[in-house]
Chemist: 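Take this structure, written in structure tokens, and hold onto it; I'll ask about it next.
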Amino acid sequence: EVQLQASGGGLVQAGGSLRLSCAASEYTFEDYVIGWFRQAPGKEREGVLCISNSDGFQYYADSVKGRFTVSSDNAKNTMYLQMNSLKPEDTAVYYCAASYYTEQCIPEDYEYWGQGTQVTVSS
């Protein structure tokens, strides 16, 4: 079973940057779709960025296009979410997740989840 662990959250001022990490227990990035999701207080969990290295599937939420990017270090089984030009509305708990079969960026399609990491952007 794939185990994921997200880290790197924190408090940052608007306009700043953070890099989140998603460490996997085994090599997953070729076989799985990896998704980053977030959930703000009182809101539903939403897809931020989902990517498949096997078939080129990519999804970026409109709200993060041009600001968030993803990269990976296969030797470390780790994927990174680089978040730039952060806004207060980016404040949320961020999760990474993996799916073996989906080509959508919706939470219900993802079987494996890491624990969340809090991102707080102050104005």
Chemist: Inspect the contact between Lys87 and Asp90 and indicate whether a charged nitrogen and a carboxylate oxygen are less than 4.0 angstrom apart.
Modeler: no

Chemist: Rounded at 0.5 Å granularity, tell me how far OG1 in Thr78 sits from CG in Asp73.
Modeler: 6.5 Å

Chemist: Run the numbers on Thr102 and Tyr110 for side-chain contact (heavy atoms from CB on, under 4.5 Å), then give the verdict.
Modeler: CA-CA 8 Å; Thr102 190; Tyr110 288 73; 3.7 Å; yes

Chemist: Measure from the side-chain N and O atoms of Thr120 to the backbone N and O of Thr91, and report whether any donor-acceptor pair falls under 3.5 Å.
Modeler: no

Chemist: According to a hydrophobic-cluster definition based on side-chain heavy atoms being under 4.5 Å apart (Ile, Leu, Val, Met, Phe, Trp, Tyr only), do Leu4 and Tyr80 belong together?
Modeler: no

Chemist: Is it the case that over 12 heavy atoms from other parts of the model lie below 6.0 angstrom from the CD atom of Gln115?
Modeler: yes

Chemist: How close do Ala14 and Pro88 get, counting heavy atoms only, and between which atoms?
Modeler: CB-CD, 4.1 Å

Chemist: Taking side chain to side chain contact (heavy atoms under 4.5 Å, CB included) as the criterion, tell me which of Val64, Val70, Leu20 meets it with Val48.
Modeler: Val64

Chemist: Do you know the tightest heavy-atom contact between Gly47 and Ala61?
Modeler: O-CB, 3.6 Å

Chemist: Hey, does Leu86 have a side-chain heavy atom less than 4.5 Å from the side chain of Phe68?
Modeler: yes

Chemist: Donor-acceptor pair, distance only, cut-off 3.5 Å: does the side chain of Thr117 make one with the backbone of Ser7?
Modeler: no

Chemist: Under the 6.0 Å and 45° cation-pi test, does Arg45 pair with Tyr95?
Modeler: yes

Chemist: Answer yes or no: is there a side-chain heavy-atom contact under 4.5 Å between Ser17 and Met83?
Modeler: no

Chemist: What's the spacing between Ile34 CD1 and Cys96 SG if we round to 0.5 Å?
Modeler: 7.5 Å

Chemist: Just how far is it from atom CD of Glu44 to atom CD1 of Ile106, taken to the nearest 0.5 Å?
Modeler: 12.0 Å

Chemist: Do Tyr60 and Cys105 have side chains that get closer than 4.5 Å, going by heavy atoms?
Modeler: no

Chemist: Under 3.5 Å, side chain of Glu111 to main-chain N/O of Tyr100, donor-acceptor pair present?
Modeler: yes

Chemist: What distance separates Gln3 CD from Glu1 CD, expressed to the nearest 0.5 Å?
Modeler: 6.5 Å

Chemist: Are there more than 12 heavy atoms of other residues, nucleotides or ligands under 6.0 Å from atom CD of Gln13?
Modeler: no

Chemist: Indicate the ring-plane relationship of Phe37 and Trp113, choosing parallel, tilted or perpendicular according to the 30° and 60° boundaries.
Modeler: tilted

Chemist: When rounded to the nearest 0.5 angstrom, what distance separates CG in Leu18 from CG in Asn84?
Modeler: 9.5 Å

Chemist: When rounded to the nearest 0.5 angstrom, what is the spacing between OG in Ser71 and CE in Met79?
Modeler: 8.0 Å

Chemist: Both conditions, 6.0 Å and 45 degrees, for the charged tip of Arg38 above the ring of Tyr94: are they met here?
Modeler: no

Chemist: Okay, side chain of Ser54, backbone of Ser52: is any donor-acceptor separation there less than 3.5 Å?
Modeler: no

Chemist: Could you see if Trp36 belongs to whatever hydrophobic cluster contains Val2? Use Ile, Leu, Val, Met, Phe, Trp, Tyr and a side-chain cutoff under 4.5 Å.
Modeler: yes

Chemist: Regarding Asp109 and Ser99, do their side chains bring together a donor and an acceptor under 3.5 Å, going by distance alone?
Modeler: no

Chemist: Just by distance, do the side chain of Ser72 and the backbone of Asn74 share a donor-acceptor pair under 3.5 Å?
Modeler: no

